[in-house]
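Computed from a prediction, not measured in an experiment: that's the story for all the values here.
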Amino acid sequence: MGLLSGSASVTRCRIDSKPETIDFDEAAFREIPFSSSIRERIGFLPAEPGADYQIGQHRWVFRVRIDELKPDPTAVRERFKELLKAERDAAGELFVPAGRRKALREQAEEEILVNTTPRSKIIECCLDRENLWIGSTSDTVLGTILILLRSVGVEASLRTPWLDLGENDEASEIIDAREEWQSVLGCRFLKTFLSDNDLMIEAVKGSVRMATPVAKISLSGEIMAEILRYVEEDAEILSA
């Protein structure tokens, strides 16, 4: 029986402090106005349009929407070339000074931005008593959401089983765990999961990142046989 198809990204955080009533509307999402100079907007949305943020006595569900306005780099390059040519033709010179080139590139970006639609990213979250669940593992996204929550009085920090238990992480010459939420134990869990006799993992398509003593490798496709071969050779699984 298949339990999961596709990918899932979840990060668990600990709520250090929060007000009795959380006013998510105070930092609600607002769209970027057309032809605006604003490049980014971030804010809260309810789980469904018009729904309440609070769904229980100590439980809130919400989404964080991040809109970014970025000009298409190919279109900017082409417009920049057109502006350069027009500048050279008007001045009768072969070269355009560096300062003027910079101004023309900025002009090209602004012109392309006028007709550019913002790119949206929506992250689902759940705040349940003292736990916060965020539907992402991206460092940038996590930092953005934690800062946004701070604006409505919610202080949260990353939470992991080994930090909760006060356990020291294992040592590894292969895995480079730099952040407090990264752990050799977590990578070893994936290896143990593969060798569990009570589970059978079918050789379906997927992807994995691994580290060997000499290199980091990425596999994709029907990868199970290769994973097991590398694990037997003492490779470490970084993500799967």
Side-chain angles (χ1 to χ4, degrees), residues 6-13 15-16 18-19 22-53 60-88 90 95-127 132-158 178-182 239:
S7 61
S9 299
V10 180
T11 299
R12 185 170 66 118
C13 298
I15 300 299
D16 299 317
K18 67 178 186 296
I22 304 175
D23 186 6
F24 288 100
D25 288 328
E26 185 179 334
F29 176 79
R30 300 287 184 269
E31 291 188 358
I32 298 175
F34 181 73
S35 297
S36 171
S37 60
I38 298 172
R39 297 291 186 94
E40 185 179 66
R41 278 279 176 85
I42 304 168
F44 294 111
L45 293 172
E48 296 290 342
D52 292 333
Y53 287 100
W60 295 260
V61 292
F62 57 92
R63 296 176 296 162
V64 173
R65 178 170 169 176
I66 303 172
D67 273 18
E68 290 183 285
L69 196 59
K70 292 183 177 180
D72 180 75
T74 302
V76 171
R77 281 195 299 269
E78 287 304 305
R79 181 56 183 153
F80 177 54
K81 289 177 182 179
E82 293 173 359
L83 293 173
L84 274 179
K85 182 180 182 302
E87 186 78 10
R88 287 195 298 264
F95 301 100
V96 178
R100 184 58 183 157
R101 289 175 65 91
K102 180 180 179 182
L104 290 175
R105 181 175 292 279
E106 291 175 353
Q107 180 182 335
E109 288 186 358
E110 293 299 328
E111 290 181 7
I112 298 301
L113 273 175
V114 171
N115 297 313
T116 299
T117 301
R119 295 180 181 179
S120 298
K121 182 183 298 182
I122 296 180
I123 302 94
E124 297 179 334
C125 305
C126 176
L127 197 163
L132 169 66
W133 306 87
I134 300 175
S136 175
T137 54
S138 164
D139 289 351
T140 302
V141 170
L142 293 175
T144 298
I145 292 177
L146 293 180
I147 291 172
L148 183 63
L149 283 168
R150 211 170 292 150
S151 70
V152 293
V154 178
E155 295 284 346
S157 55
L158 293 165
R178 300 180 180 181
E179 307 292 348
E180 63 176 351
W181 61 89
Q182 297 174 334
S239 64

Note, [X] side chain near [Y] side chain (heavy atom, < 4.5 Å):
X   : Y    : value
I42 : T144 : yes
V61 : E124 : no
I66 : I123 : yes
D67 : F29  : yes

Is a salt bridge present between [X] and [Y], judged by a nitrogen-to-oxygen distance below 4.0 Å?
X    : Y   : value
R41  : E31 : no
E155 : K18 : no
E87  : K81 : no

request  = Scan L127, V154, T11 and name whichever one has a side-chain contact (heavy atoms from CB on, under 4.5 Å) with L132.
outcome  = L127
Distance-minimising heavy-atom pair for C125 and V64 =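 For C125 and V64, the tightest heavy-atom pair comes out as SG-CG2, 4.4 Å.
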task = Any chance you could measure R63, atom CZ, to Y53, atom OH, to the nearest 0.5 Å?
result =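 So the gap between those two atoms works out to 9.0 Å.
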Separation between CG of L158 and CG of L146, rounded to the nearest 0.5 Å = 6.0 Å
task = Step through it carefully: locate the ring centre of F62, locate the ring centre of F24, and say whether they are under 6.0 Å apart.
result = yes
